[in-house]
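First the structure, in the form of structure tokens, and then the observations on it.
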Amino acid sequence: MSENNWERDVLEKLMLQTLKEQRARRRWGIFFKLTTIFLVIFVIVSIKNLSFTESDGTPVQAHTAMIEIKGTIEASGNASAGNIIRALNKAYEEPMATGVILKINSPGGSPVQAGMIYDEIRRLRKVHPDKPLYVVVEELCASGGYYIAAAADRIYVDKASIVGSIGVMINGFGVTGLMDKLGIERRLLTAGEYKGFLDPFSPQTPQQVQYAQSMLNQIHRQFIEAVRAGRGDRLKENREIYSGLVFLGPKAIRLGLADELGTVESVARDIIKSPEIVDYTEQEKLADRVLKKFGASVGYGAAKAGLGWNPVSWQ
């Protein structure tokens, strides 16, 4: 019996070892199959990219350059003047880019950032008169977003696009009534008559409101002048256009704020005549974005603490 048990033990060990080897082979087989699949995908993607670019990233065939302006226009985001201007210059300097499309989906933002982009577009159009720049509006092109769009050769919209909001605002809050009810006293010492300008914890004075309104009016006039310079005689001048209202695509066309219905693909194919689209949008790295957000937050907090109100916004 002991001899039979020994033989059985040996057979069981051999079978177990065989099963382990088979499982290991299966695992390695799965690993190599997955690795092969990933390599094939990588090669396909690389070949696809190489069909449009040389090894140094330079496009080798005629195409439409596309730059996306998405979200709030601000110094710390992807839609900052720095990012958009770098992308614009790359697109204009590329000889194989036959035209440029700005795809805009933005509620607006900083007047300074939008103004910088507007000025750069106007400059590049003069330097490169043979390379058109068109704006294609997706869902929203309002305030600072429209300020930028006004610099383009033409503006294309969707039937449901929201366009306009040509206006300026300063927003803030006041809690003096609540402070009185709670028995809280505001102690603010300043050097300079208006250093506590629009402080939310102090009563608002007519002089402060008048001064703030004067600033808003000046910036609003700049906005209006920029729109008129960009759109020219296409505008159907009336007070409604500059009231801060927004309009759906068809009405924006009737008012001269936009030109036609169109998409990125249709403009590239039918207007620029280069259906291949290459994305030139500058994408910030995560680390850079975090650092910029931190710096902007510190600066924004300091501005609010020092000024007592939110900086001017086209949003």
- Query: Taking Thr72 for the side chain and Gly109 for the main chain, is one N or O donor matched with an acceptor at less than 3.5 Å?
  - Reply: no
- Message: For Ala81, is there any backbone N or O sitting under 3.5 Å from a side-chain donor or acceptor partner on Gln113?
- Response: yes
- Query: Taking atom types as modelled, is there a side-chain donor on Glu237 or Tyr242 under 3.5 Å from an acceptor on the other?
  - Reply: yes
- Message: Please tell me whether Arg86 and Asn89 have a donor and an acceptor in their side chains that are separated by less than 3.5 angstrom.
- Response: no
- Item | Short side-chain to backbone donor-acceptor contact, Asn217 and Gln213, under 3.5 Å | yes
- Taking Thr98 for its side chain and His63 for its backbone only, find out whether a donor-acceptor pair lies under 3.5 Å. yes
- Check whether any side-chain N or O of Arg231 sits under 3.5 Å from a backbone N or O of Gly256 as a donor-acceptor pair, and report yes or no. yes
- Go through the structure and list residues passing side chain to side chain donor-acceptor pair (under 3.5 Å) with Tyr118, not counting sequence neighbours. none
- Message: Please check this pair: side chain of Lys90 against backbone of Glu282, looking for a donor-acceptor N/O pair closer than 3.5 Å.
- Response: no
- Item | Note, Leu102 side chain near Ile121 side chain (heavy atom, < 4.5 Å) | yes
- Classify the side-chain pair Ser143/Ser165 by whether it contains a donor and acceptor separated by less than 3.5 Å. yes
- Message: Using modelled atom types and a 3.5 Å cut-off, is there a donor and acceptor pairing between side-chain atoms of Lys236 and backbone atoms of Arg234?
- Response: yes
- Message: Between Glu225 and Arg228 (salt bridge meaning N to carboxylate O under 4.0 Å), is one present in this structure?
- Response: no
- Message: If we ignore hydrogens and angles and just use 3.5 Å, is the side chain of Lys131 paired with the main-chain N or O of Ala97 as donor and acceptor?
- Response: yes
- Query: Which atom names give the shortest non-hydrogen contact between Ile253 and Asp259, and what distance separates them?
  - Reply: CG2-O, 3.5 Å
- Query: Heavy atoms, side chains only, cut-off 4.5 Å: are Leu140 and Val246 in contact?
  - Reply: no
- Is the side chain of Asn105 donor-acceptor paired with the backbone N or O of Lys70 at a distance under 3.5 Å, no angle test? no
- Message: Checking the side chain of Thr281 only, and the main-chain atoms of Glu68 only, is there a donor and an acceptor separated by less than 3.5 Å?
- Response: yes
- Message: Using the side-chain contact (heavy atoms from CB on, under 4.5 Å) criterion, which residues pair with Asn238? Sequence neighbours excluded.
- Response: Glu240, Ile241, Leu255
